[in-house]
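I have placed the structure first, in the form of structure tokens, so that the comments after it can refer back to it.
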Protein chains: 2
Amino acid sequence: MRKSEIRERILEYIKYFFDERGYAPTVRDILKGCNVSSTSLVQYHLNVLEKEGQIRRDPEVFRSIQLVERNVREVPLLGTISAGEPIPVVDADTWSNRAEETLRVTTDIVGGKGDIYALKVKGTSMLDALINDGDVVIMEAAQTAEDGEMAAVWLKNEQEVTLKKVYREPGRIRLQPANSEMKPLYTGSENIEVQGKVVAVLRRLDR
Amino acid sequence: MRKSEIRERILEYIKYFFDERGYAPTVRDILKGCNVSSTSLVQYHLNVLEKEGQIRRDPEVFRSIQLVERNVREVPLLGTISAGEPIPVVDADTWSNRAEETLRVTTDIVGGKGDIYALKVKGTSMLDALINDGDVVIMEAAQTAEDGEMAAVWLKNEQEVTLKKVYREPGRIRLQPANSEMKPLYTGSENIEVQGKVVAVLRRLDR
DNA sequence: TGTTCTATAGAACACTCGTTTAACAGGAGG
DNA sequence: CCTCCTGTTAAACGAGTGTTCTATAGAACA
């Protein structure tokens, strides 16, 4: 199945329509919205999209089109993060079974791609990352980080995790706190192990 | 309008149906699902629910019922917050019309009640509240704060807003930074003006 | 006792909308 | 050249569905 410009448009329109109105468009809504000239042409493309797994429909049910990729993600809360211990390793098993709790978060906040999970911060050891006791960090599994990305870094000598921006420099690694008033930490590249990238930080104050 | 057992059931069924299927039920779905015996009875109760503001419908559009109380809230981003200027005053007008942008956030994070709005933080003046340049704070309109609540406080003498936990003490007010390593600020109660309560802090690091 | 409001029932109307069918054009490949 | 696949058009069927209308009944109230 090769990509088709009109199908992309239809897919985009379905998303737009749902965001705007809160329910799915009909075949004829799509017809008007995408400047298509025949209901059966829309039907044809919808069938293709359904076969591709991009949408789901219930036969004969009006307005039952649903995008398979959704607006809200379920993020598993997999444990805690504190200075003294490495963050939990995520594999298929922990990811699906060991979740204490599930956080429902919009893709506005966490983006749409990649396996992500959440950790609750224990203690105040990450104040220099502007992260407080009780905050929740949303992580993406990763073994490396690009320059400037905020990552969870395991410092082997210190036996500590820390959340810092990572920069490669000649002969050393610079770990920069989010708090611009604080000084960076320098260490050798053999001393660090990236355990994940920080995607977002969530702090709830009302309860 | 007094509460009606059947309307409660209908409301619950709409939620159940939507969670289950991803789209709203028709009048006749509700009829079957709630053991009601007439479409016009369903219609009658739907009209009441709509008048009560519990649901929203588009006339003549199939499956357009939506629960007004949602899983996702639209939070208007009303402006910026920085040390040097008071935060924008919210009234019905600003709330509905002046939003630069709308943030979609789950009720998991911001709770379900009260008028809330979002402000983008400009500058690093709120580092002591563990809030960085570019973070988004979600606020609830309020003129007062209970002891221990995080609030946006306007300091009259200093001509500054600051985000602190507020504690009333004999003859003075203690303003406690979120960062437990920092010292509190003391001031007279006549010097402060609570402009809102902080409901949540949002930080996005991926982009 | 009449009036009004809420709650209910059954039936019917008219439009909406998923689906089907038949037909045609262009390109790819043998 | 023929065949197959994708993309397209037009028209129509018939079930799904929001809506409306009429009628009934009990409760509250004056």
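Here the structure is a predicted model, which is why all the values come from computation and not from measurement. Letters A, B, ... mirror the listed sequences (proteins, then strands); counts begin at 1.
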Assign each of A/Val36 and B/Glu60 the nucleotide of DNA chain D bearing its closest heavy atom; nearer the 5' end lies the nucleotide of A/Val36
From CG of B/Leu46 across to C1' of C/dA7 the rounded distance in Å is 14 Å
Per B/Arg28 side chain, nearest of listed nucleotides D/dT19, C/dT20, C/dG18
D/dT19
Here the distance between atom P of C/dC15 and atom CG of A/Asp29, to the nearest Å, is 18 Å
Heavy-atom count around A/Lys32 NZ within 6.0 Å, excluding the residue itself: above 12?
no
Among C/dT16, D/dT8, D/dT19, the one nearest any side-chain atom of A/Ile6 is D/dT8
Can you tell which of D/dT17, D/dT19, D/dT9 lies closest to the side chain of A/Leu41?
D/dT9
Establish, with yes or no, whether the OP1 or OP2 oxygen of D/dT8 is under 4.0 angstrom from a side-chain nitrogen or oxygen of A/His45.
yes
B/Ser40 (side chain) and C/dA11 (base): donor-acceptor pair under 3.5 Å
no
Give a yes/no answer on whether the side chain of B/Arg57 brings an N or O atom under 4.0 Å of OP1 or OP2 in D/dT19.
yes
Tell me: OH of A/Tyr44 to C1' of C/dG18, nearest whole Å?
19 Å
Please report, rounded to the nearest Å, how far the P atom of C/dT6 is from the CG atom of B/Leu49.
14 Å
With a 3.5 Å limit on both atom pairs, tell me what C/dG2 is paired to, counting Watson-Crick and G-U wobble, or say none.
D/dC29
Is there a side-chain contact between A/Arg204 and A/Val136, using heavy atoms and a 4.5 Å cut-off?
no
Heavy-atom nearest nucleotide on DNA chain D taken for B/Val27 and for A/Thr39; more 5' hit belongs to A/Thr39
Distance criterion of 3.5 Å, no angle test: do you see the side chain of A/Ser38 paired donor-to-acceptor with the base of D/dA10?
yes
Rounded to whole Å, how long is the line connecting atom OH of B/Tyr23 with atom C1' of C/dC17?
14 Å
Do B/Arg174 and B/Tyr167 meet the cation-pi criteria used here (NZ or CZ under 6.0 Å from the six-membered ring centre, within 45° of the axis)?
yes
Is any side-chain nitrogen or oxygen of A/Arg7 closer than 4.0 Å to OP1 or OP2 of D/dG7?
yes
Using whole Å, report how far CD1 of B/Ile65 lies from P of D/dT17.
11 Å
5′-ward residue of the pair A/Gln43/B/Ser37 relative to DNA chain C
B/Ser37
Does any part of the side chain of B/Leu155, heavy atoms only, come nearer than 4.5 Å to the side chain of B/Leu175, both counted from C-beta?
yes
A/Arg57-A/Asn47 side chain donor-acceptor pair, cut-off 3.5 Å:
yes
Roughly, in whole Å, what's the span from CG in A/Leu31 to P in C/dT19?
15 Å
Separation of D/dG18 atom P from B/Ile30 atom CD1, nearest Å, is 8 Å
